[in-house]
Amino acid sequence: MRQHIIKMSSKFTVTFRNMKYTVFSIFLFSLIFSLNCKSENIEKENTDNNPYEFHIGGVLSSNTSEDYFKLTIEHLNFNTPFMKPGNTFYAHSIKMDPNPIKTALNVCKQLIVRRVYAVIVSHPQIGDLSPAAVSYTSGFYHIPVIGISSRDSAFSDKNIHVSFLRTVPPYSHQAEVWVELLKYFNYLKVIFIHSSDTDGRAFVGRFQTTSQNQGEDIEKKVQVEAVIEFEPGLFHFNNQLNEMKNAQARVYLMYGSKIDAEVIFRDAAHRNMTEAGYVWIVTEQALDATNVPEGTIGLKLVNASNELAHIYDSIYILASAITDMNRTKTITTPPADCDNSGAIWDTGKTLFEYIKKQVYKDGHTGKVAFDNNGDRIYAEYDIVNVKQVTKKDAIGKYYFDNDLNKMKLRLNESNIIWPGQLKKKPEGFMIPTHLKVLTIEEKPFVYKRPLKKDDGNSCKSDEIMCPLYNTSAKEPEIFCCKGYCIDLLVELSKTINFTYSLSLSPDGQFGNYEIRNKSGGGKKEWNGLIGELVFERADMILAPLTINPERAEFIEFSKPFKYQGITILEKKPSRSSTLVSFLQPFSHTLWVLVMGSVHVVALVLYLLDRFSPFARFKLINADGTEEDALNLSSATWFAWGVLLNSGIGEGTPRSFSARVLGMVWAGFAMIIVASYTANLAAFLVLERPKTKLSGINDARLRSTMENLTCATVKGSAVDMYFRRQVELSNMYRTMEANNYETAEQAILDVKNDKLMAFIWDSSRLEFEAAQDCQLVTAGELFGRSGYGVGLQKGSPWAESVTLSILDFHESGIMEELDDKWIFQGRVEQCEDQEKTPNTLGLKNMAGVFILVAVGIVVGMVLIVIEIGYKKHHVRKQNRLQLARNYGQTWRAIVQKRKMMRMQGRGSGVGALSLSVEALPRSVLNIQSPIRSIETLPRTCRNSPSPTRAWSGRQMVHRKSDDIPLRSPVGGPPQLHFHNNFI
């Protein structure tokens, strides 16, 4: 029961806690809701306090405009979508005075005093300063002003006209239409003519910005070849026209007033610059010139003079902005007079921002919207073609496409009449017949050599003079050039009919996009060949110039004249010919086993021959001598003789068991020798070294831990390729520090083993591999691209060069150039050399000769040891023989003495004296070589002497063991000694 109570109490506690949190949550939600409601009520109170009556001012050019203005506002009060219920708009208008001061005073006295929320301003019948006066006056109090006819670019400056908007675009916005026209006609190089006033400078600035921001189509960026600026109020335009005539472009874009345009057209007509081959595209003002040339193309703003339509759109845009602001913002009343100069109307700033945000899709003048400067966007234009001075027909339109939700150009090109009454579109440029061509030394495409005095200031027949214009040198260096690209240049000049002057790259580089003047925060610019073309100091680049996106953005390429890729050049690994090269066919283990087998077999042969019962009997040779038994030395000699296939004259096994083992050993030796001979041929003759690298994906190239140096050329297309590839970033960071200035230096270091791998264009590296068979390209090609002819953007020669190159590919000219300059017939030589077996030289077989030399030296050392040992052995044998002779002589004397004693007893004669004196004198005088007892062997020294009758120093040596005791003639017994004594 107690546990149940505790359980119920704990459950009640949890429930109470949950209820407490629930009540707290409800309270918090109620508090937030009440605060939101309170804030909404405050906001609602603020909007409820907003005025219900809104006064709109108008400064218009005519009574008709004033009446339409008032009528439109009256209709607006009944247009529910644009009106908040209960609100009313009132119209107050005055007529525009040509005097800007009077206009400003009228605005203060007749409009501002009525607390107008905005002013719609037109243009006067005479003069053009009055709209600015209205903008200044109203803008001081930040009262929005909507212009319906003012198109000067000065009104876009918000530092001066702080609250000015307009339903007409400024003149400078025509630049966008011009860019679309030029892209449509594919005119990519133009000359821009403009007045030096605010509108002219704004026009050229907007044109350049628009033409360079066409990011979706890099190939169609318009370039301005020259900008001709003139002061308004021209009297003549001759000098500028002379400059234009020397330029390449024949498309002229002109902004100027009607009066200035008439002067320009007059002087241009005198120079025939308004005839066939020229293109004039002008603005609205210039199109009104009385002498505008036939074939001129101009623009006309749609509804530009329809003041009533602009009034209608301005009122509805303004009403929409006030209605939107009235829903969310507190609106205060505008200033009531111009006397209180410090009263700035903050609501006017807010209203100005709301007007800029408005988009009126169904306006009478088209879609109405504003940019950040309050200028009209989405304005529509008619494209006008002057067919006669008095006849100007619309040939197209620039309008807003609702489906695409952007502006679109539509042209009827078949209705265009071009200058000279032509129906065909002019090219738009003058094709120069003499081109400045640049190249760079790069074997085998371009070879260069200094022009020597012996050459007579002229190059050989297959060469072209190519000076180097270096900025650091006053006089150019004269070189003669030849090669693949030089022959291609000659063929192109013949095919498409142009002349040229050839020169080398001033800085010796292809071109790198880098920052100039890094300390001064400079911008990135091209150097080398690309820089010369970008800055229009050259017309064409004919060199092994790789086509890549970075370069194609700034210059134009032809179709590739040589397809290639990137590969790796390395030196063939030399075969390791060491002093023990002849041991390479077998492994160290096998050699040890073979050497061990020789001695094991020799030992077994010896044992078999020794313990075999058939080997114990001596065999009689043919000459009657006995054959010696097989000892261990003879067995070893037999085993080595069989292995080395040398003749064996003696010491062969005699037992059947040993001879069976000998035959097996001979078979083993045959297999070993044959295998060694075959492998030796494979190692020393047929072996071909392979490349050390498998290609760009080789792990050793990508690993920073490997001690493998690779490099390319700084700022080259290959360098750009590695910078683009993210997966090669680690490899590029490693090789960047090793990069070379030129390919020549890198290739030389590869040959000298200072660089292990050089990454470069396959065409050049294949050429180097064909020239030097010790070099080889590793792996497959990667980063495939091609070499193209570089031209300026919009060059008139681009199409002709491309078509000619395609024709050269089809006709086989490019293949002939490949065979002549790149391969040069040397590829077959290297291939034949690869197929031919290598000739063995001293380097390969030096170990064998050294082995023979070591054998000779060992033999000489052994013979010296043998001679010394033999002498020592002979000396020892002589001493033993002397001691043996000494003992035998002693025994003979003792025996003789015994015999003499026995003879004396038997004959009865007096006793025979065996004293020393009884011996003959000749015997006693014999000198023994033994000078002392110490020279005798120890056995002799220790033997007891039978008598002291003679001196121990006097000994004789007898060669024969038989000592006759009697004289051969029967005389008294005598001792016979050999004459040789030791």
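Taking the six-membered ring for Trp, W178 and F203 have ring centres closer than 6.0 Å. Aromatic ring centres of F554 and Y513: separated by under 6.0 Å. Ring centroid separation for the pair W345 and Y141 does not come in under the 6.0 Å cut-off. For W418 and Y278, the distance between ring centers is not under 6.0 angstrom. Remark: aromatic rings of Y312 and Y316 are close, center separation under 6.0 Å. Between F207 and H194, the ring centre distance reaches or exceeds 6.0 Å.
Contact check on K397 versus E380 returns a salt bridge, with a Lys/Arg side-chain nitrogen under 4.0 Å from an Asp/Glu carboxylate oxygen. Ionic pairing of K387 and D393 is present here: one or more N-O contacts between side-chain nitrogen and carboxylate oxygen are shorter than 4.0 angstrom.
Across F237, W280, Y252, a single residue satisfies ring-ring contact (aromatic ring centres under 6.0 Å, His included) together with F265, and that is W280. Residue R376 is tested with D313, T167, D371, T365 for a side-chain hydrogen bond (donor to acceptor under 3.5 Å, both in side chains); the sole match is T365.
Remark: I160 CD1 is packed, more than 12 non-hydrogen atoms of other residues, nucleotides or ligands lying under 6.0 Å away. Shown here is E799, whose CD atom has no more than 12 heavy atoms of other residues, nucleotides or ligands within 6.0 Å.
No side-chain heavy atom of C338 sits less than 4.5 Å from a side-chain heavy atom of F140. Side-chain contact between K391 and V386: absent, with no pair of heavy atoms (C-beta onward) separated by less than 4.5 Å. The closest side-chain heavy-atom distance from Y398 to K408 is not below 4.5 Å.
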Practice problem: Just do the side chain to side chain donor-acceptor pair (under 3.5 Å) check on T210 and E176 with the steps written out, would you? | Solution: CA-CA 6 Å; T210 304; E176 299 172 357; 4.8 Å; no
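Annotation: the span from I297 atom CD1 to L253 atom CG amounts to 10.5 Å, rounded to 0.5 Å.
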